[in-house]
Each structure stands twice: as C-alpha cells, then as structure tokens.
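A quick write-up on the structure given underneath.
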Amino acid sequence: MPTRRLSIVLAEDSLLLREGLASILDRAGHEVRDTVGDGDTLLAVVRKDPPDVVITDVRMPPGHSDEGLRAAAAIRAELPSIGILVLSQYVADAYLSSLLETTTGGIGYLLKDRVGHVAEFLESLERVADGGMVVDPEVVRQLLARRRNDGPLSALTPRELEVLALMAEGRVNASIAEQLVVSEAAVRKHVGNIFAKLQLDEGLDRRVSAVLTYLRG
C-alpha cells in the first residue's frame, strides 16, 4: 500500500494505456478521480476539482503534438501545488526543457516504458506528489552522454556528476550509495561538494536546484 492515498487525474488518449494505468493506480490504493483523453478536458476537470497529481501524456488530440504538455504548463501556472507527472513515448529534449522553465519541484518526466516497472513508477509518482523531481533514468543517461564540459557543471568531478545524475532520477542518498557501492557518508560528502561548487542558495531546495542546474546545463 502507498504511504498515502493520492487523488489523481489521468490524461491519455490511448484507451488501452489509460485503462491499464488506472488499474495499476487503483490496485496500488490511489484514487483515480478522472480519466480523460485530451488536453482541454484535462484542464476543465483539474480546474473544477484539483487533484494531488496529474499524470498526462505529451501528445494528445486534436493535434497530437504537445497538447498534454501545454495543459500541464497551464496547470502548473494556475495551481502550482499539484504534482505533474508527464509521460512520453521517447526522449525529447524540447519537452523536458519546457517542463523545467518555471518549475521548482513536484514534476516528473518518464518514458512510457517505465510504467511497466510498476514499483518504480509508483515510487516516482509519490516523489512527485511530495514535491520532488523525477526524470527517467534513460533520459538522464542520454543527457549525460551529450553533456559538454562547460558551464557550472565543469567544476564537478566525474564522481560528483554521477551522484548528480542519480539525484536527477529522484534517488535519495541511501539509494545512490547502494548504486555506487559506497557509504551514505561518502554520498553526503559528494552532495555537499555539489551544492558548494554550484553555489546554490541556502534558501532554496538545493537538491532540486542542483538537479535543475544539471538538466538545464
């Protein structure tokens, strides 16, 4: 069972995937308040009765371009306390960049294949609902492979970049330590060095700010 029951609005134009997602969420103990198939209906439903989290596909009718993403941006602007989990068929830097323009947390970007990893998907959903940021590991890997050695990230060591990439996946220190086969104390030291080198404000959620620096870098 989840740590808390979330109310969710689900937007996906594929009936098969929509019903599959709703079933997964229901079995996990969450409340799927509404399921919709287009961006305009998503906006209307959320405005009428705001949920804890919105899960939306990027592409939906009528244009099948970025209607879901634009609806998510409108929801974030009007109701910033709602968590937004965006699902995409493939890695698209433009979509990720749009999500990151104004966000301060409570946002997730997952590839649809990730839904098949049910435990990971549900964990990501709860992180987003709690104000965290989650980016699909495959997206992080592709970004890391293309990352140029310039900008604010150039001051980080290879190990610090590894830690920051795992933070971008939404991992906590214990999970990072397990993945890298190091102690939690070592991870805490790396995280502290990252904060210092990126000169992050004490008044901000520095973990989210570090991830944003990485993803925008």
Side-chain angles (χ1 to χ4, degrees), residues 2 4-139 169-170 215:
R4 64 187 176 101
R5 182 177 172 86
L6 299 172
S7 60
I8 299 166
V9 172
L10 173 60
E12 166 61 54
D13 66 311
S14 166
L15 178 61
L16 184 62
L17 181 55
R18 188 166 71 236
E19 293 303 314
L21 279 167
S23 177
I24 289 171
L25 295 166
D26 181 66
R27 290 200 306 271
H30 297 302
E31 175 196 4
V32 181
R33 183 176 294 168
D34 287 285
T35 61
V36 302
D38 65 86
D40 289 342
T41 306
L42 171 60
L43 279 172
V45 164
V46 169
R47 285 166 174 160
K48 182 178 179 181
D49 189 9
D52 295 316
V53 184
V54 166
I55 301 175
T56 181
D57 189 4
V58 170
R59 297 183 169 192
M60 287 194 294
H64 292 282
S65 57
D66 63 350
E67 287 82 0
L69 192 66
R70 286 189 278 112
I75 291 166
R76 174 46 57 96
E78 295 177 25
L79 301 161
S81 64
I82 295 177
I84 304 288
L85 181 56
V86 174
L87 302 179
S88 181
Q89 190 67 43
Y90 52 85
V91 179
D93 284 2
Y95 295 151
L96 183 57
S97 297
S98 296
L99 279 178
L100 298 176
E101 282 179 359
T102 59
T103 188
T104 56
I107 199 81
Y109 181 87
L110 296 181
L111 299 181
K112 288 185 177 181
D113 289 347
R114 193 64 48 190
V115 176
H117 304 273
V118 175
E120 291 180 27
F121 170 69
L122 293 172
E123 184 179 353
S124 296
L125 176 68
E126 292 194 42
R127 286 176 180 166
V128 168
D130 289 336
M133 180 174 294
V134 178
V135 179
D136 194 283
E138 180 58 30
V139 176
E169 294 178 14
L215 294 172

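For clarity, every value in this text was computed on a predicted model and none was experimentally measured.
Distance check: Lys48 NZ to Arg33 CZ gives 11.5 Å after rounding to the nearest 0.5 Å. Between the OH atom of Tyr109 and the CG atom of Leu87 there is a distance of 10.0 Å, given to the nearest 0.5 Å. Taking CD from Gln89 and CG from Asp57, the interatomic distance works out to 8.0 Å, rounded to the nearest 0.5 Å. With values rounded to the nearest 0.5 angstrom, Asp34 atom CG is found 11.5 Å from Ile8 atom CD1. To the nearest 0.5 Å, atom CG of residue Asp136 and atom NZ of residue Lys112 are 13.0 Å apart.
Residues passing the side chain to side chain contact (heavy atoms under 4.5 Å, CB included) test with Ala11 are Val36, Leu42, Thr56, Met60, sequence neighbours excluded. Residues passing the side chain to side chain contact (heavy atoms under 4.5 Å, CB included) test with Glu123 are Arg127, sequence neighbours excluded. The side chain to side chain contact (heavy atoms under 4.5 Å, CB included) test applied to Ser124 returns Leu110, Val134, not counting sequence neighbours. Legend: residues meeting side-chain hydrogen bond (donor to acceptor under 3.5 Å, both in side chains) with Asp52, ordered by chain and number and at least two apart, are Ser7. Pro50 pairs by the side chain to side chain contact (heavy atoms under 4.5 Å, CB included) definition with Leu79, Ile82, not counting sequence neighbours.
Contact between Ala72 and Val86 at its shortest, heavy atoms only, is CB-CG2, 4.5 Å.
More than 12 heavy-atom neighbours from other residues, nucleotides or ligands sit within 6.0 angstrom of CG on Leu15.
Side chain of Arg5 to main chain of Gly29: a donor-acceptor pair is present (N/O by atom type, distance under 3.5 Å, no hydrogens or angles). A distance-only check finds no donor-acceptor pair linking the side chain of Arg70 to the backbone of Gly39 [under 3.5 Å].
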Counting only pairs under 3.5 Å, give me each side-chain donor-acceptor contact of residues 18-26, with atom names and distances, residues two or more places apart or in other chains.
{"from": "Arg18", "atom 1": "NH1", "to": "Glu12", "atom 2": "O", "distance (Å)": "2.5"}
{"from": "Ser23", "atom 1": "OG", "to": "Arg27", "atom 2": "NH1", "distance (Å)": "2.5"}

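Within the structure, side chain to side chain donor-acceptor pair (under 3.5 Å) contacts touching residues 35-47 (residues at least two apart or in different chains) are Asp38-Thr41, Arg47-Glu78.
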